[in-house]
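Reviewing the structure listed below.
Remember, it's a predicted structure, so these values are computed and weren't measured experimentally. All residue numbers in this chain count up from 1 along the given sequence.
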Amino acid sequence: MVSANLARFIVGVIGNVISFGLFLSPLPTFYEIIKKKSVEEFKPDPYIATALNCMFWVFYGMPFVHPDSFLVITINSVGLLFEIIYLTIFFLYADYRGRTKVCISLLIELIFVSIVIHITILALRGTKNRSLMVGIICDIFNILMYISPLTIMKKVIKTKSVKYMPFTLSLASFLNGCIWMSYALIKFDIYILICNGVGVLSGLLQLFLYAYYSITGTKEEEIIEKEPNKEQNKVQLSVIEGPCKV
């Protein structure tokens, strides 16, 4: 019979693989940015949010905060590296306003994370208290990340087109939430469970909208015909996901 620890490890490894695929999902977006040498109307917000999310989950997984969370550290470290690469590409091809937004946002994030780290280590004693504080913060930002596609869903409903909602990203988000929910249930972790429960609901809603408007919605050619002077009106959905990002 498979022990709970072994089952959790196996599910965690699967979660790492799925989350890795999720982190890779924006590659087509950045290929297009590099090819056109312009960010057009793509937004850095999802990648900025995901970077913050990954930083907090890496800290959450540290032995002195929440023991036995090595797989949480590994995937979020990889995710943070990817987000830095994405934001670097965005910075290189963005205008002055876009570059300023990226720099200021990252600076604020680093200051905020540093404050939380110092408070956690210096003011709190024991992994239970530290897990409580960092876990709540992780959940707040992870839930915000998972519901960030609401603006894109609104656009999908308005245009009746899924042009701006990549199916692979929505599917990966849903699967990511499911696998990390399972991980949290095997050796109960309320913080990972809460945020990924929201992720599952968000992913389901995205997949429902994609299925519905793929069948009944407006075709891409019709959108171009209706908006001939809005070629740059491209907004990339990113759930900026990570495992919860875990």
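With a 4.5 Å cut-off on side-chain heavy atoms, I119 and M133 count as touching. Looking at heavy atoms from C-beta onward, N196 lies in side-chain contact with N176 at the 4.5 angstrom threshold. Considering only heavy atoms from C-beta on, Y191 stays 4.5 Å or farther from C138 through its side chain. Side-chain contact between S25 and L22: present, with at least one pair of heavy atoms (C-beta onward) separated by less than 4.5 Å. Within the 4.5 Å cutoff, the side chain of Y86 has heavy atoms near those of the L27 side chain. With a 4.5 Å cut-off on side-chain heavy atoms, N142 and W180 do not count as touching. Side-chain contact between N16 and V78: absent, with no pair of heavy atoms (C-beta onward) separated by less than 4.5 Å. Between T127 and F64, the closest side-chain pair of non-hydrogen atoms is not below 4.5 Å.
The same ILVMFWY cluster, assembled from side-chain heavy atoms under 4.5 Å apart, contains both I48 and I140. Linking Ile, Leu, Val, Met, Phe, Trp and Tyr whenever their side-chain heavy atoms come within less than 4.5 Å puts L81 and V102 in one cluster. I89 and Y96 are members of different hydrophobic clusters when ILVMFWY side chains are connected at heavy-atom separations under 4.5 Å.
We find the CE-CD1 distance between M62 and I73 to be 5.0 Å, quoted to the nearest 0.5 Å. One finds the OG1 atom of T120 at 9.0 Å from the CG atom of L122 (value rounded to the nearest 0.5 Å). If you take OG1 on T50 and CD1 on I84, they are separated by 12.5 Å, rounding to the nearest 0.5 Å. Atoms CD and OG, on E32 and S38 in that order, are 9.5 Å from each other to the nearest 0.5 Å. Considering CZ of F9 and CG of D68, their distance stands at 10.5 Å, rounded to 0.5 Å. The line from NZ of K43 to NZ of K101 is 6.5 Å long, rounded to the nearest 0.5 Å.
Side chain of N76 to backbone of G79: no donor-acceptor contact under 3.5 angstrom is found.
Annotation for R130 and I121: closest pair NH2-O, 3.3 Å, computed over non-hydrogen atoms. Residues S69 and H66 come closest through the heavy atom pair OG-ND1, 2.8 Å. Scanning both residues, F23 and F82, for their nearest heavy atoms gives CB-CD1, 4.1 Å. Residue I192 comes nearest to C195 through the heavy atom pair O-SG, 3.4 Å, listed as atom of the first residue, atom of the second, then distance. The two atoms that bring I190 and D139 nearest to each other are O-OD2, 4.3 Å, heavy atoms only. For the pair S182 and V11, the tightest heavy-atom approach, listed with the atom from each and the gap, is CB-CG1, 4.1 Å.
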What's the verdict on side chain to side chain contact (heavy atoms under 4.5 Å, CB included) for L80 and W57, showing C-alpha distance, side-chain angles and the deciding distance? CA-CA 10 Å; L80 181 58; W57 281 109; over 6 Å; no
What do the steps show when you test S105 against E109 for side-chain hydrogen bond (donor to acceptor under 3.5 Å, both in side chains), and what is the final call? CA-CA 6 Å; S105 297; E109 286 185 356; over 6 Å; no
Decide yes or no on side chain to side chain contact (heavy atoms under 4.5 Å, CB included) for I143 and I194, but give the supporting numbers first. CA-CA 8 Å; I143 290 172; I194 289 174; 4.1 Å; yes
Side chain to side chain contact (heavy atoms under 4.5 Å, CB included), that's the test. Do V113 and V116 meet it? Break it down for me. CA-CA 5 Å; V113 172; V116 171; 5.8 Å; no
Intermediate values then yes/no, side chain to side chain contact (heavy atoms under 4.5 Å, CB included), L71 and I75: CA-CA 6 Å; L71 292 174; I75 189 55; over 6 Å; no
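Residue Y31 belongs to no hydrophobic cluster, having no ILVMFWY side-chain heavy atom closer than 4.5 Å to its own.
Residues that satisfy the ring pair (Phe, Tyr, Trp, His ring centres under 6.0 Å) test with F112, not counting sequence neighbours, are F56, F141.
The environment of F188 atom CZ is dense: over 12 non-hydrogen atoms of other residues, nucleotides or ligands sit within 6.0 angstrom.
When the options L106, I104, I111 are evaluated for a side-chain contact (heavy atoms from CB on, under 4.5 Å) with I108, the one that passes is I104. Evaluated for a ring-ring contact (aromatic ring centres under 6.0 Å, His included) with F30, the options Y93, F90, Y47, F91 yield exactly one hit, Y47. A side-chain contact (heavy atoms from CB on, under 4.5 Å) with Y183 is found for exactly one of I14, V72, D189, namely V72.
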